[in-house]
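The next block holds one structure in the form of structure tokens; read it before the comments.
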Amino acid sequence: MLTHLLQKLNHKPPTTVFLRRKTTSAEYVASRNRDPIFEKLMDKYKNLFKVIAIQDLILGTTTNAAAPPAVSLDFLNRVSQRLHLNRGATHFLRKYPHIFNIFHHPIKLQPYCTLTETALKITQQEATAINATLPLVVTRLVRLLSMSVTKTLPLRAIFKVFRELGLPDDFEESVILKKSDLFALVDSENEPNTHLLKLVGDIPKGELVAAVDNWRVVECCKEDCGVDRNEILYSFKHSYPPGMKLKRSFKSKVKEWHQLKYVGPYEAVEIGKKRKNKIGMMEMEKRAVGIVHEFLSLTVEKMVEVEKISHFRKWFGIDLNVRDLFLDHPGIFYLSTKGYRHTVFLREAYERGCLIEPNPVYEARRKLLDLVILGRRGLSRGHSEPTGVCQGEDGFTEEVKTDSDED
């Protein structure tokens, strides 16, 4: 009571203690600075993920060679909750007539769904692009295994990110078995019925260079480089969300962090060594940043679901919460929570919602995203091909929002 009266007399608000993070992880995620361009991109991607899930179900069905693959609407409606189709599969399919075609099966005597000719061409284009880049796929797997402390990774973890890495559907046969001089499948000693992918080939030490090291070389070679070459030696490229207030103390900490030495993603590290002092913890954190930065650089679209990358945490020797790691470095990564998932983007790889350096696999997948954005538009004019989406200031064409845009 006495304290309450003294506060009233002094007319001063009670002091608050500054916390680096919120009290809970959920509050820390909610307090992050939003980037409207990435949020708008993820708003489209969340429907694309549902489209891809249905597309995989359709392509996975076995039919005779004459008929295109198709799946019954009854089956899709039964699994609609698992696919997060809140208003049912039929409602969702009708939103994208450029991708899905609903027809009455003449033999089964019930409605079925198949892919349109345009959507089938896009899937074939993606498959062709993946097969054409198999040497690059092998390099990605080698780099991924080289980042592991033991040069091994669980096969189930690689299956979770095979699409992000641009691996073919049959990568076990077409990549791993065909490259027996580099890869080997072994049984896990600790987990029964678990296969591990092991790097058995000898990779020269200087052959694996991290993407951030290539960026540092390019920055140092620029004639108008305004940064001290000694400062950029351990730096990462930063670009913050618009409107984010950068305090002087924050800038000072970032500058100090940039100059901190760390062990690169392809350098050897001692297993089980833990550092409890402040500098040691900062070095461990920076090494973790370097690993996930390189991981994202190896992906086709420079983005991955946080839950998927968490499966590699122990094997990469990361003793930190990767989601908090992304939130701690908003200038390097961007975390989105749209679409029943947490997705992280590599900020430096994007400009106006598109990859700065696109690749053939990304371009094929972007065409499917264009069809998602197109929705039901163009039907009255007979258009079947979408226009590009990287036209406005934010990387997308303007579109009219309707109540059917959210499923």
Side-chain angles (χ1 to χ4, degrees), residues 43-131 156 159-164 167-174 305 307-308 338-341 361 364-380 382-386 402-407:
D43 197 43
K44 308 304 176 188
Y45 261 107
K46 68 180 184 181
N47 287 327
L48 175 64
F49 293 145
K50 299 176 185 178
V51 167
I52 292 175
I54 298 174
Q55 176 182 273
D56 290 344
L57 289 175
I58 294 174
L59 295 175
T61 56
T62 55
T63 57
N64 54 50
V71 66
S72 69
L73 258 63
D74 178 64
F75 171 74
L76 290 177
N77 281 318
R78 279 190 276 116
V79 298
S80 60
Q81 291 302 313
R82 292 177 57 186
L83 299 175
H84 301 292
L85 308 178
N86 300 329
R87 300 177 68 177
T90 305
H91 172 81
F92 184 81
L93 296 172
R94 286 174 177 167
K95 286 167 57 178
Y96 305 108
H98 294 284
I99 303 174
F100 302 112
N101 178 34
I102 300 175
F103 67 98
H104 191 77
H105 201 286
I107 300 175
K108 302 291 184 179
L109 301 179
Q110 59 176 312
Y112 265 65
C113 175
T114 186
L115 295 175
T116 63
E117 185 178 347
T118 304
L120 281 172
K121 285 181 180 178
I122 292 175
T123 59
Q124 293 167 1
Q125 180 182 347
E126 180 182 347
T128 303
I130 290 174
N131 291 328
R156 64 172 181 270
F159 265 112
K160 286 184 177 293
V161 295
F162 86 96
R163 190 185 296 273
E164 285 82 353
L167 298 174
D169 295 341
D170 61 339
F171 72 90
E172 281 188 90
E173 291 79 18
S174 61
E305 192 177 343
E307 184 269 335
K308 293 181 179 180
K338 285 183 177 290
Y340 300 98
R341 66 187 72 203
V361 181
R365 294 176 181 176
R366 192 77 188 197
K367 288 183 178 180
L368 187 61
L369 178 62
D370 289 353
L371 291 180
V372 173
I373 297 174
L374 191 64
R376 296 187 58 84
R377 290 175 298 169
L379 293 178
S380 59
H383 294 167
S384 59
E385 294 290 340
T402 65
D403 57 357
S404 64
D405 288 336
E406 295 292 335
D407 185 69

**Fill in**
Sequence neighbours excluded, the answer for salt bridge (charged side-chain N to carboxylate O under 4.0 Å, His left out) partners of E117 is K121
**Sub-4.5 Å side-chain heavy-atom contact between T116 and L371** = no
**Request:** For N77 and G88, work out which heavy atoms get closest and say how close.
**Result:** OD1-C, 4.0 Å
**Prompt:** When rounded to the nearest 0.5 angstrom, what distance separates CG in L59 from CG in L120?
**Reply:** 7.0 Å
**Prompt:** What's the shortest heavy-atom distance between H98 and G375, and which atoms?
**Reply:** CD2-O, 3.2 Å
**Asked** Is the backbone of P69 close enough, under 3.5 Å, to the side chain of T114 for a donor and an acceptor to pair up by distance?
**Response** yes
**From OG1 (T118) to CG (N101), nearest 0.5 Å** = 11.0 Å
**Prompt:** Can you find a pair of side-chain heavy atoms, one from L83 and one from K50, that are under 4.5 Å apart?
**Reply:** no
**Request:** Work out which heavy atom in Q110 is nearest to a heavy atom in S72; give both atom names and the distance.
**Result:** OE1-CB, 4.0 Å
**Request:** Quick one: list whatever passes salt bridge (charged side-chain N to carboxylate O under 4.0 Å, His left out) with D169, sequence neighbours left out.
**Result:** none
**Message:** Among residues at least two apart in sequence or on other chains, which ones pass side chain to side chain contact (heavy atoms under 4.5 Å, CB included) with Q81?
**Reply:** none
**Message:** Is there a side-chain contact between L93 and L73 in this structure, where contact means two heavy atoms from C-beta onward sitting under 4.5 Å apart?
**Reply:** yes
**Request:** Mind checking side chain to side chain contact (heavy atoms under 4.5 Å, CB included) for F159 and listing every partner two or more places apart, or none if nothing turns up?
**Result:** L155, F171, E172
**Prompt:** Taking C-beta and beyond as the side chain, do Q55 and I122 meet within less than 4.5 Å on heavy atoms?
**Reply:** no
**Request:** Measure the spacing between NZ of K160 and NZ of K308 and express it to the nearest 0.5 Å.
**Result:** 8.0 Å
**Request:** Report yes if the side chains of F49 and R341 come closer than 4.5 Å at any heavy-atom pair, otherwise no.
**Result:** yes
**Request:** Using the test side chain to side chain contact (heavy atoms under 4.5 Å, CB included), find all partners of T128 that sit at least two apart in sequence or belong to another chain.
**Result:** none
**Request:** Check whether any side-chain heavy atom of I58 lies under 4.5 Å from a side-chain heavy atom of C113, and answer yes or no.
**Result:** yes
**Request:** Find out whether Y45 and V372 are in side-chain contact, i.e. whether some heavy atom of one side chain is under 4.5 Å from a heavy atom of the other.
**Result:** no
**Spacing of CD1 belonging to I52 relative to CZ belonging to R163, to within rounding of 0.5 Å** = 5.5 Å
**Item:** Verdict with supporting geometry, I54 and L85, side chain to side chain contact (heavy atoms under 4.5 Å, CB included)
**Value:** CA-CA 10 Å; I54 298 174; L85 308 178; 4.0 Å; yes
**Item:** For R94, salt bridge (charged side-chain N to carboxylate O under 4.0 Å, His left out) partners two or more places apart
**Value:** none
**Atom pair CZ (F100) and OG1 (T90), whose distance is rounded to the nearest 0.5 Å** = 12.0 Å
**Message:** Is any side-chain heavy atom of R366 closer than 4.5 Å to one of D370?
**Reply:** yes
**Asked** Taking atom CG of L76 and atom CZ of F92, what is their separation to the nearest 0.5 Å?
**Response** 10.5 Å
